[in-house]
Amino acid sequence: NEYELFILIFIIMISGSIVSDEFNKGTIKLLVIRPYSRLKILLAKFLTCLCMFILFIVFIFISQLLVGGIIQGFGSLNVPAVIYNYNTHNIETMSIIKYLIINICAKLPMFLLLITLAFTISTLFTNSALAIALPLLGYMVSSIINQLIAHALLKDIKAPLYFVTPNWDLTSYLFGGLPSFEPINLGFSILVCLSYFLIMIFISCFVFKKRNIKNV
């Protein structure tokens, strides 16, 4: 959690410029003359963003283990994480590494959607600054958006629950926890996140395939 914003800035800068920079520098012409379809080129760039994200997570994970081990001793890794399981109503323990991996997986929808949003804006508008600024702004105001949604629910307005911010953080579901907004559940949140992801990928592919590159 302490490195969340740092991770987002790093990966959004890559995702928000990986396509738009090709157009701004005119190097996109060198790509499309290759014997590969535009769809393969675009998906290769998106996979590059995902690989960079995974590598950066692993780098931070290993760095924390090494620095923490040097400062506090590597024996501290044997200290278990203590959690309360709401399903069994018992206090349970697990290894620190397992606990961290579970939390990272629960945060993946948020990271993946923001990466995809930056990538989509970069493809649509070929503007790196816009593609970087909008996802970061969305992340920073997500708590405010959720407060507005909570206010709407008090007035029995259900439509805002289909927005992405109440659904992209799955940590509230861990160990039998309750969702931030009671009407939703884990399956609903996953379905909403998947829908937004597929829509953005479809838009990116459609626009990239139809874009006129001759005048770039």
Rounded to the nearest 0.5 Å, how far apart are [atom1] of [X] and [atom2] of [Y]?
X: Ile57; Y: Leu100; atom1: CD1; atom2: CG; value: 11.0 Å
X: Ile203; Y: Thr116; atom1: CD1; atom2: OG1; value: 11.5 Å
X: Leu31; Y: Phe23; atom1: CG; atom2: CZ; value: 9.5 Å
X: Leu108; Y: Ile54; atom1: CG; atom2: CD1; value: 8.5 Å
X: Lys107; Y: Asp169; atom1: NZ; atom2: CG; value: 4.0 Å
X: Thr93; Y: Tyr99; atom1: OG1; atom2: OH; value: 13.0 Å

Connected via hydrophobic side-chain network under 4.5 Å: [X] and [Y]:
X: Leu55; Y: Ile9; answer: no
X: Leu39; Y: Met200; answer: no
X: Val79; Y: Leu66; answer: no
X: Val141; Y: Tyr139; answer: yes
X: Ile104; Y: Ile96; answer: yes

Name all residues meeting the side-chain contact (heavy atoms from CB on, under 4.5 Å) criterion together with [X]; count only those two or more places apart in sequence or in a different chain, and write none if there are none.
X: Ser143; result: none
X: Ala152; result: Ile157, Pro160
X: Ile60; result: Tyr3, Phe6, Ile7, Phe56, Gln64
X: Ala106; result: Leu170, Thr171, Leu174

Atom [atom1] of residue position [X] - does it have more than 12 heavy atoms of other residues, nucleotides or ligands inside 6.0 Å?
X: Tyr173; atom1: OH; result: yes
X: Lys98; atom1: NZ; result: no
X: Phe59; atom1: CZ; result: no

Please examine the side chains of [Y] and [X], heavy atoms only from C-beta on, and report whether any two atoms are closer than 4.5 Å.
X: Cys205; Y: Leu43; answer: yes
X: Phe46; Y: Ile18; answer: no
X: Thr165; Y: Ile149; answer: yes
X: Ile97; Y: Phe61; answer: yes
X: Trp168; Y: Leu114; answer: yes
X: Leu134; Y: Leu117; answer: no
X: His151; Y: Lys155; answer: yes
X: Ser204; Y: Leu42; answer: yes

For [X], which residues count as a ring-ring contact (aromatic ring centres under 6.0 Å, His included) partner, sequence neighbours excluded?
X: Phe111; result: Phe53
X: Phe188; result: Tyr162
X: Tyr86; result: Tyr84

Handout entry: Donor-acceptor contact below 3.5 Å, side chain Arg38 vs main chain Phe208
Key = yes
Exercise for the section: Output yes when Lys45 and Glu22 qualify as a salt bridge under the 4.0 Å nitrogen-oxygen rule, no when they do not. Expected result: yes
Handout entry: Face-on cation placement of Arg211 at Phe206 ring, 6.0 Å and 45° thresholds
Key =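 Ring-cation test returns no.
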Under the side-chain hydrogen bond (donor to acceptor under 3.5 Å, both in side chains) rule, collect the residues that match up with [X], sequence neighbours excluded.
X: Ser17; answer: none
X: Glu92; answer: Asn85, Thr88
X: Ser20; answer: Ser122, Ser128
X: Tyr196; answer: none

Problem - side-chain contact (heavy atoms from CB on, under 4.5 Å) evaluation trace for Met110 with Glu4 - result: CA-CA 10 Å; Met110 180 193 69; Glu4 190 172 285; 3.6 Å; yes
Kindly give the heavy-atom pair with the smallest separation between [X] and [Y], and that separation in Å.
X: Ala118; Y: Ile12; answer: CB-CG2, 4.0 Å
X: Ser15; Y: Ile115; answer: OG-CG2, 3.2 Å
X: Ile184; Y: Asn167; answer: CD1-OD1, 3.5 Å
X: Cys193; Y: Leu113; answer: O-CD2, 3.5 Å

Handout entry: side-chain contact (heavy atoms from CB on, under 4.5 Å) between Leu153 and Leu161, worked out
Key = CA-CA 9 Å; Leu153 290 175; Leu161 290 176; 3.8 Å; yes
Exercise for the section: I would like to know whether Val19 and Thr126 meet side-chain contact (heavy atoms from CB on, under 4.5 Å); could you show each step before the answer? Expected result: CA-CA 7 Å; Val19 176; Thr126 64; 5.6 Å; no
Practice task
Would you please test Asn87 and Phe175 for side-chain contact (heavy atoms from CB on, under 4.5 Å) and show each step?
Solution key: CA-CA 7 Å; Asn87 288 323; Phe175 315 114; over 6 Å; no
Completion exercise
Grouping ILVMFWY residues whenever side-chain heavy atoms fall under 4.5 Å, the cluster of Leu178 otherwise contains none
